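Notes follow the structure.
If you read the sequence from its start, that first residue is 1, and numbering goes on from there. Everything quoted here is computed from the prediction, not taken from an experiment.
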Amino acid sequence: MTMERSLKQFEEDRKQAARLAARLLLASGTTAPRVGGVGECTIHIIDDECDIEDLCQQIEGMAGENKGWGFFKRDAAMLRDADAVLIVTSLRSLTDPSDINCNMCGKLTCEYMREAERLPKEPGVAFTGPLCTFRADNVAFAVDGIVSQARNLGIDYGVYWSAGAAAMRMRILPRDTGFALAVAISVTEKSPFRDIPLKYDEMNERTMNDRIIKRLWPQFRSIYS
């Protein structure tokens, strides 16, 4: 077997390992305990490179909508290096309050949620709210199940609310989703989600390759041809 073939085989096996890991993480996140004991979260896997790129472009597009979302561009740069993205949704936190008057949202009763005015679905708004905090917490438990399994498997991961909001904006999640978080995973020697500089959206492997290698290589090739 030639070195080139071995490297290509390694890359293909690496991608398959990431796809398999994503499904094992989905299983762990799905079976993680919920408050209330009923199903109200769904988990969706995005592992096609083109679909991940669509998600990243949506995140970048939202970066300019709100002055607090400047870091969205950096999130998009990191997510481009992910092998898969798992989106965890909350299906009942927006439309179906728990009716137990837990007061976690700061109100005395759950009735206010049904009457409260929601924010408009317009640029600069990530989640229209208000959300039942008791139910929205279930997303955290599902993410904990995903992250715990990722640690057991030795899979690198990062958690992003920007990607969850972008997936909702793209309408690729169930209609009643009121809140979503994303867990990006990677099977590489160096985690793409750690040790990230502030301007990673400007200085990353792709942009550096474009600036140095792709622009200079044609000149070198012409000189030595």
Heavy atoms from other residues, nucleotides or ligands near CE of Met203 exceed 12 (cutoff 6.0 Å): no

Spacing of OH belonging to Tyr160 relative to CG belonging to Leu79, to within rounding of 0.5 Å: 5.5 Å

Check ion pair Glu40-Arg135 (N to O, under 4.0 angstrom): yes

Side chain Asp83, main chain Val187, donor-acceptor under 3.5 Å: yes

Ser28 side chain vs Gly145 backbone, donor-acceptor pair below 3.5 Å: yes

Basic-acidic side-chain contact under 4.0 Å: Arg14, Glu11: yes

Rounded distance (nearest 0.5 Å) linking atom CD1 of Ile45 with atom CZ of Arg23: 4.5 Å

Results of ring pair (Phe, Tyr, Trp, His ring centres under 6.0 Å) for Phe127 - residues two or more places apart only: Phe179

Asp195/Lys190 ion pair, N-O < 4.0 Å: yes

Straight-line distance of Asp51 CG to Met170 CE, nearest 0.5 Å: 7.5 Å

Sidechain-backbone polar pair: Thr89 side chain, Leu91 backbone, donor-acceptor under 3.5 Å: no

Test: Arg194 cationic atom under 6.0 Å from Tyr157 six-membered ring centre, within 45° of axis: yes

CG (Leu7) with more than 12 external heavy atoms under 6.0 Å: yes

Arg114 CZ: over 12 foreign heavy atoms closer than 6.0 Å: yes

Side-chain donor-acceptor contact under 3.5 Å, Gln9 with Asp13: yes

Atom pair CD (Gln16) and CG (Asp47), whose distance is rounded to the nearest 0.5 Å: 11.5 Å

Residue Glu49 excluded, over 12 heavy atoms near CD under 6.0 Å: no

Donor-acceptor under 3.5 Å (Thr207 side chain, Glu202 main chain): yes

Asp176-Thr95 side chain donor-acceptor pair, cut-off 3.5 Å: no

Gap separating the SG atom of Cys105 from the OH atom of Tyr112, nearest 0.5 angstrom: 4.0 Å

Nearest-0.5 Å distance, CG of residue Asp201 to CZ of residue Arg206: 13.5 Å

Glu117, CD atom: more than 12 neighbouring heavy atoms under 6.0 Å: no

Leu108 atom CG: more than 12 heavy-atom contacts under 6.0 Å: no

Heavy-atom side-chain proximity of Arg118 to Leu94 below 4.5 angstrom: yes

Derivation and outcome, side chain to side chain contact (heavy atoms under 4.5 Å, CB included), residues Met104 and Asp137: CA-CA 10 Å; Met104 291 176 66; Asp137 279 349; 3.1 Å; yes

